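Read the structure below first, then the notes.
From a predicted model like this one, the values you see are computed outputs, not experimental measurements.
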Amino acid sequence: LSVEPIEGWSGIGSIWKQIAVSIFLILIFIGLIIYRQYESNKKLYEFEHDILTGLYTRSAFYRRVRKMFRENPDVNYDIVVSDIENFKLLNAVYGTKTCDQLLCYYADEFQRLNPDAILARYGGDLFVSIFKSSQNIGITDFENSVNQIAKNSPIPSSIVKYGVLGKVDKTVPPNILCDRALLAAKSILHNYAVTVSNYDGPISHKHAKEQLLEAAFADAIKNEDFKVWFQPKFDAITEELVGAEALVRWINPDGQTISP
């Protein structure tokens, strides 16, 4: 007894097989596109974000700020740079793990302090944020907020200095704006009575003087402008000469001595 195949069934089965294979290949192609897009987005995220804190990197921050300035030419912005004082010492005393926790803590708290700000890890123990200027928040309120953040940190003895650049000039490159805010923060390092400093003219002049000295340093060494002076040391009882203290003085060609 034999059964003859119904005419046309084999042809229909072949068509369905071709359709199934085609669908399978299309799904693989779509999967590859999704995977490549995922990998591309992942690499872009890793390129733009700090591995430890998840904040923007410095270069990504600059790009975001430039874009924001272009899209909002009539909006005023403030920039704040924070600097954890004596961070290397904290790292040596408390260890890398605790100090990494400290950095992550400050990153999270700064985001909570101003959720609308663009925040970045500027490098090492430095953070930078930019946000719309507000007339409602004064320096005193800001100091109270950041001091409370410091008290609850993994290292309560940590001290953070803040440099503020208000109503930034959007024609100035972002890196220069950040440098000015950082300069304000650096100007109050080791001044334990002050937490927040605004960038202003006097700081700018001081910075210019420091830059001139730094630029002249290499030439001073080459020209042997540094002179060694020996200050004698006497025994207080016998009044005999027992040694000398070597002092280095920077003397310009015009005879002017540059103070330490």
Side-chain angles (χ1 to χ4, degrees), residues 41-68 77-132 137 139 141-166 168 174-199 203:
N41 291 339
K42 181 181 177 183
K43 289 180 180 178
L44 178 61
Y45 180 88
E46 291 175 349
F47 176 74
E48 288 198 330
H49 292 79
D50 175 59
I51 296 175
L52 178 63
T53 63
L55 301 180
Y56 285 120
T57 60
R58 182 188 300 198
S59 57
F61 178 81
Y62 291 159
R63 287 193 295 273
R64 296 275 174 170
V65 170
R66 284 192 292 266
K67 182 174 182 292
M68 187 170 63
Y77 294 97
D78 297 342
I79 287 180
V80 175
V81 170
S82 61
D83 183 3
I84 303 176
E85 190 163 346
N86 297 321
F87 186 74
K88 289 183 179 179
L89 177 60
L90 295 176
N91 217 359
V93 173
Y94 293 95
T96 302
K97 182 179 179 180
T98 301
C99 284
D100 283 349
Q101 293 173 353
L102 181 70
L103 291 171
C104 292
Y105 168 80
Y106 278 117
D108 293 341
E109 289 301 316
F110 291 155
Q111 286 182 310
R112 274 193 280 269
L113 185 62
N114 195 337
D116 297 326
I118 297 177
L119 183 63
R121 186 180 180 189
Y122 199 60
D125 59 323
L126 301 174
F127 296 92
V128 61
S129 62
I130 185 169
F131 45 87
K132 292 181 181 179
I137 301 177
I139 291 294
D141 293 333
F142 180 74
E143 283 184 329
N144 291 336
S145 297
V146 296
N147 286 337
Q148 189 61 42
I149 289 175
K151 288 179 182 178
N152 297 326
S153 75
I155 305 177
S157 60
S158 62
I159 299 173
V160 183
K161 300 298 185 180
Y162 298 86
V164 180
L165 180 64
V168 303
N175 61 306
I176 302 298
L177 297 174
C178 293
D179 285 346
R180 291 175 179 176
L182 176 59
L183 180 62
K186 293 290 187 185
S187 71
I188 55 173
L189 288 178
H190 311 302
N191 183 348
Y192 299 104
V194 182
T195 303
V196 182
S197 174
N198 283 293
Y199 178 86
I203 296 177

Full working for side chain to side chain contact (heavy atoms under 4.5 Å, CB included) between D78 and L165: CA-CA 6 Å; D78 297 342; L165 180 64; over 6 Å; no

Point-to-point distance, once rounded to the nearest 0.5 Å, from CG of D108 to CG of L55: 8.0 Å

N/O donor-acceptor pair under 3.5 Å between E48 side chain and T57 backbone: no

Euclidean distance, Y162 OH relative to E143 CD, rounded to 0.5 Å: 10.5 Å

Y199 vs V164 side-chain heavy atoms within contact, under 4.5 Å: no

Sub-4.5 Å side-chain heavy-atom contact between I79 and V128: yes

Heavy-atom closest pair, residues S187 and S197: OG-OG, 3.6 Å

Donor-acceptor contact present, side-chain N91 to main-chain F87, <3.5 Å: no

With K88 via salt bridge (charged side-chain N to carboxylate O under 4.0 Å, His left out) - residues at least two apart: none

Side chain to side chain, L102 and Y94, heavy atoms closer than 4.5 Å: no

For the student: nearest non-hydrogen atoms of Y56 and H49, plus distance: CE2-NE2, 3.7 Å

Distance (rounded to the nearest 0.5 Å) between M68 CE and R63 CZ: 14.5 Å

Nearest-0.5 Å distance, CG of residue D50 to CG of residue L103: 8.5 Å

From OG (S59) to CG (N175), nearest 0.5 Å: 12.0 Å

Test item: K161 side-chain N/O and N191 main-chain N/O as donor-acceptor pair under 3.5 Å: yes

Donor + acceptor pair across side chains of Y106, S158 (<3.5 Å): yes

Sequence-distant partners of F127, ring pair (Phe, Tyr, Trp, His ring centres under 6.0 Å), two or more places apart: F110

From CA spacing to verdict: side chain to side chain contact (heavy atoms under 4.5 Å, CB included), R121, R58: CA-CA 6 Å; R121 186 180 180 189; R58 182 188 300 198; over 6 Å; no

Criterion side chain to side chain contact (heavy atoms under 4.5 Å, CB included) on T195 and V146, from CA distance to verdict: CA-CA 9 Å; T195 303; V146 296; 4.2 Å; yes

Interatomic spacing from CG in D83 to CD1 in I159 - rounded to 0.5 Å: 11.5 Å

Heavy-atom check, side chain of I155 versus side chain of Y105, under 4.5 Å: no

Test item: L90 and E85 side chains (from C-beta on) under 4.5 Å apart, heavy atoms: no

Validation row: S129, F61 side chains within 4.5 angstrom (heavy atoms): no

Result block: side-chain N/O donor-acceptor pairs under 3.5 angstrom for residues 111-118, not counting sequence neighbours:
residue, atom, partner, partner atom, Å
R112, NE, E109, OE2, 3.4
R112, NH2, E109, OE2, 2.7
N114, OD1, D116, N, 3.4

Closest approach of V81 to C178 (non-hydrogen atoms, all atoms of both residues): CG2-O, 3.8 Å

Least distance between heavy atoms, T53 atom then A107 atom: CB-CB, 3.9 Å

Worked check of side chain to side chain contact (heavy atoms under 4.5 Å, CB included) between V160 and I149: CA-CA 10 Å; V160 183; I149 289 175; over 6 Å; no

